[in-house]
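For reference, the structure discussed in these notes is given below.
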Protein chains: 2
Amino acid sequence: MTDGVAERSRPRDRILETAQDMFHKHGIKGVGVDAITEAAGTNKMTLYRHFESKDELIIECLRATAAKASRIWDEFEAQHPGDKLGQLHAWVQKASELLSADSRGCDMANAAVELSEADHPARRVIKELKEAQREKLVMLCRDAGIGQAELLADTLSLLLEGARVSMQSVGSEGPSAQFVRMAESLIASFRAR
Amino acid sequence: MTDGVAERSRPRDRILETAQDMFHKHGIKGVGVDAITEAAGTNKMTLYRHFESKDELIIECLRATAAKASRIWDEFEAQHPGDKLGQLHAWVQKASELLSADSRGCDMANAAVELSEADHPARRVIKELKEAQREKLVMLCRDAGIGQAELLADTLSLLLEGARVSMQSVGSEGPSAQFVRMAESLIASFRAR
DNA sequence: GCTAAAAGTTACAGACCGGTAACACCCTAG
DNA sequence: CTAGGGTGTTACCGGTCTGTAACTTTTAGC
């Protein structure tokens, strides 16, 4: 009995994909391994043959999610080849689409909130992946010819992070509704300096 | 055997205070009622005589936290009586202090992340409290004579929300380190319009 | 000091959790 | 056809969770 998410493929892939989806929707501590394997059309033993623990599965899910996000950057390059400023606007646009399409926020940020233990193995991974994403945005701003590239990138990061978490508290009609306007006027303001 | 948090006071107050602290530090799903009552120097039965369920306790904790935050607004008024712009700068300063003092973010936002069930009773409360806070900041911006008060208030909200969640992912050396600079230059920019 | 309410204590129910053992099955590579 | 690895199934372990029952002790008001 497979659900829509998991077609007939290798159990490991189905588990990974299903776990990503369920962790995202219900939170890491809100879903157990039994529920994941059942939704993936397999069983707990098979999960533990492929992942040595739930924590390992969590980490693999975060890596997979980050890899997906990373592929979006390639789209920007494909859509606006060489045009770094165009890619920055595409980033804003894509971020806005993300906000409209989904109100459960960023998996990595959510995981950081849920896994409050300072020494949880996933925290290293979260920090690494988030730092890599930050570096990408800084580079994009710099290549777009913006002077204070780090400051703009960090401001945009905080705005998006805030919008994604705000969605979860007050919904889509809250402050996050103005994200595009904020981001665009920020970019314009930094370009004018 | 009482710990530092809970002096000799009524059990209900000790439970509430201890629960606030532990929910904040370890997350709502990361701490059980037994652990709370033990840290509060009491027991589970007493908790359930004062709160009809853990969910009710969660809600009461959120209300108490919001009430504490609300009292900070009174400080602003006391420190800068009549000077709304000074109060806005005090808000930025206070937000920055919050970021430095604590890296577990906003209890309400964290609760919204953890309690992913759309119909969880705490979600109504979270939304109400967050909307009240937003309204306060909008009023402050408006009274400070800023034209696009809602937009500035929402931008500042998202920046702070983002900074508080970013702290939990990448730590205090990440984008949140620039919060004050971002906020101040935003205020300056809005005032110049 | 008596009484009644509040609080403490112990034990338990029922569910879920992460993780493992033992064994049967199937499917594919040789 | 056969051997072996991947997979499915069932049962279980020890622990933790929210919530309750029944009973004893302490506290506070009169």
Side-chain angles (χ1 to χ4, degrees), chain A residues 1-3 5-23 25-62 111 114-117 119-123, chain B residues 1-3 5-20 22-23 25-62 110-111 114-117 119-123:
Chain A
M1 201 69 55
T2 64
D3 67 1
V5 171
E7 258 81 89
R8 272 301 122 190
S9 55
R10 288 219 173 77
R12 188 183 195 280
D13 298 336
R14 275 180 289 152
I15 289 169
L16 203 52
E17 200 167 342
T18 309
Q20 274 182 262
D21 183 58
M22 295 183 74
F23 284 154
K25 283 183 188 150
H26 313 297
I28 289 173
K29 296 197 180 176
V31 51
V33 291
D34 258 329
I36 294 171
T37 55
E38 190 189 334
T42 178
N43 54 70
K44 199 157 49 168
M45 271 312 303
T46 300
L47 186 152
Y48 280 104
R49 287 189 189 110
H50 289 289
F51 306 92
E52 73 173 17
S53 66
K54 184 184 181 183
D55 285 349
E56 272 303 314
L57 175 62
I58 292 167
I59 290 173
E60 289 303 310
C61 283
L62 292 175
E114 285 201 85
L115 309 176
S116 53
E117 309 93 334
D119 60 342
H120 193 287
R123 295 193 74 87
Chain B
M1 202 69 55
T2 64
D3 66 0
V5 171
E7 259 81 271
R8 272 303 121 189
S9 54
R10 288 217 171 78
R12 188 183 195 280
D13 298 336
R14 275 180 288 152
I15 290 169
L16 203 52
E17 199 168 341
T18 309
Q20 273 182 262
M22 295 184 74
F23 284 154
K25 283 183 188 151
H26 312 297
I28 289 173
K29 297 198 180 175
V31 52
V33 291
D34 258 329
I36 293 171
T37 54
E38 189 189 336
T42 177
N43 56 69
K44 199 159 46 169
M45 270 313 303
T46 300
L47 186 152
Y48 280 104
R49 286 189 189 108
H50 289 288
F51 305 93
E52 72 172 18
S53 66
K54 185 184 180 181
D55 284 350
E56 272 303 314
L57 175 62
I58 292 167
I59 289 173
E60 288 303 309
C61 283
L62 292 175
N110 291 355
E114 285 201 84
L115 308 176
S116 53
E117 308 95 334
D119 60 343
H120 193 288
R123 296 193 73 87

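Note on naming: letters A, B, ... go to the chains in the order of the sequence lines (proteins, then strands), and numbering restarts at 1 for each one.
Taking side-chain N and O atoms only, Thr46(A) has a distance below 4.0 Å to OP1 or OP2 of dG8(D).
Atom-to-atom distance recorded for Cys61(B):SG and Glu56(B):CD is 11.0 Å, nearest 0.5 angstrom. The CD1 atom of Ile36(A) sits 14.0 Å away from the CZ atom of Arg14(A) when rounded to the nearest 0.5 Å. With rounding to the nearest 0.5 Å, the separation of CD1 in Ile58(B) from NZ in Lys29(B) is 9.0 Å.
Closest approach of Lys25(A) to Ser116(B), counting heavy atoms only: O-CB, 3.6 Å. The two residues Val31(A) and Ala35(A) come nearest to each other via the heavy atoms CG2-CB, 4.1 Å. The two residues Ala39(A) and Met22(A) make their nearest non-hydrogen contact at CB-SD, 3.8 Å.
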Let me have the donor-acceptor pairs involving side chains of residues 45-52 of chain B, under 3.5 Å, with sequence neighbours excluded, atom names and distances please.
from, atom 1, to, atom 2, distance (Å)
Thr46(B), OG1, Asn43(B), OD1, 3.1

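Rounded to whole angstrom, the span from the CD atom of Glu38(A) across to the C1' atom of dG8(D) amounts to 14 Å. Summarising the geometry, the separation between NE2 on His50(B) and C1' on dA5(C) is reported as 11 Å, rounded to the nearest angstrom. One interatomic measurement links the two molecules: CD1 of Ile15(B) to P of dA6(C), which rounds to 14 Å at whole-angstrom precision. As a whole-Å value, the separation of Asn43(B) CG from dG19(D) C1' is 13 Å. Following rounding to the nearest Å, Leu47(B) (CG) and dT18(D) (P) show an atom-to-atom distance of 10 Å. With rounding to whole Å, Asp13(B) atom CG is found 14 Å from dA6(C) atom P. In this structure, CD of Glu56(B) is placed 15 Å from P of dT18(D), rounded to the nearest angstrom. The CG atom of Leu57(B) sits 15 Å away from the P atom of dC17(D) (whole-angstrom rounding).
Relative to the axis of its first five pairs, the axis of the last five pairs of the helix from dG1(C)-dC30(D) to dG30(C)-dC1(D) sits at 20°, rounded to 10 degrees.
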All N/O pairs under 3.5 Å across the protein-nucleotides 26-29 of chain D interface:
none

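Side chain of Lys54(B) to main chain of Ile28(B): a donor-acceptor pair is present (N/O by atom type, distance under 3.5 Å, no hydrogens or angles).
The side chain to side chain donor-acceptor pair (under 3.5 Å) search around Glu60(A) returns none, not counting sequence neighbours. Contacts of Asp34(B) classified as side-chain contact (heavy atoms from CB on, under 4.5 Å), with partners at least two apart in sequence or in another chain: Thr37(B), Lys44(B). With sequence neighbours left out, the side chain to side chain donor-acceptor pair (under 3.5 Å) criterion links Asp13(A) to no other residue.
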Protein heavy-atom contacts under 4.0 Å, written 5' to 3' over nucleotides 17-30 of chain C as B (base), S (sugar-phosphate only) or - (none), form the string SBBBBB--------
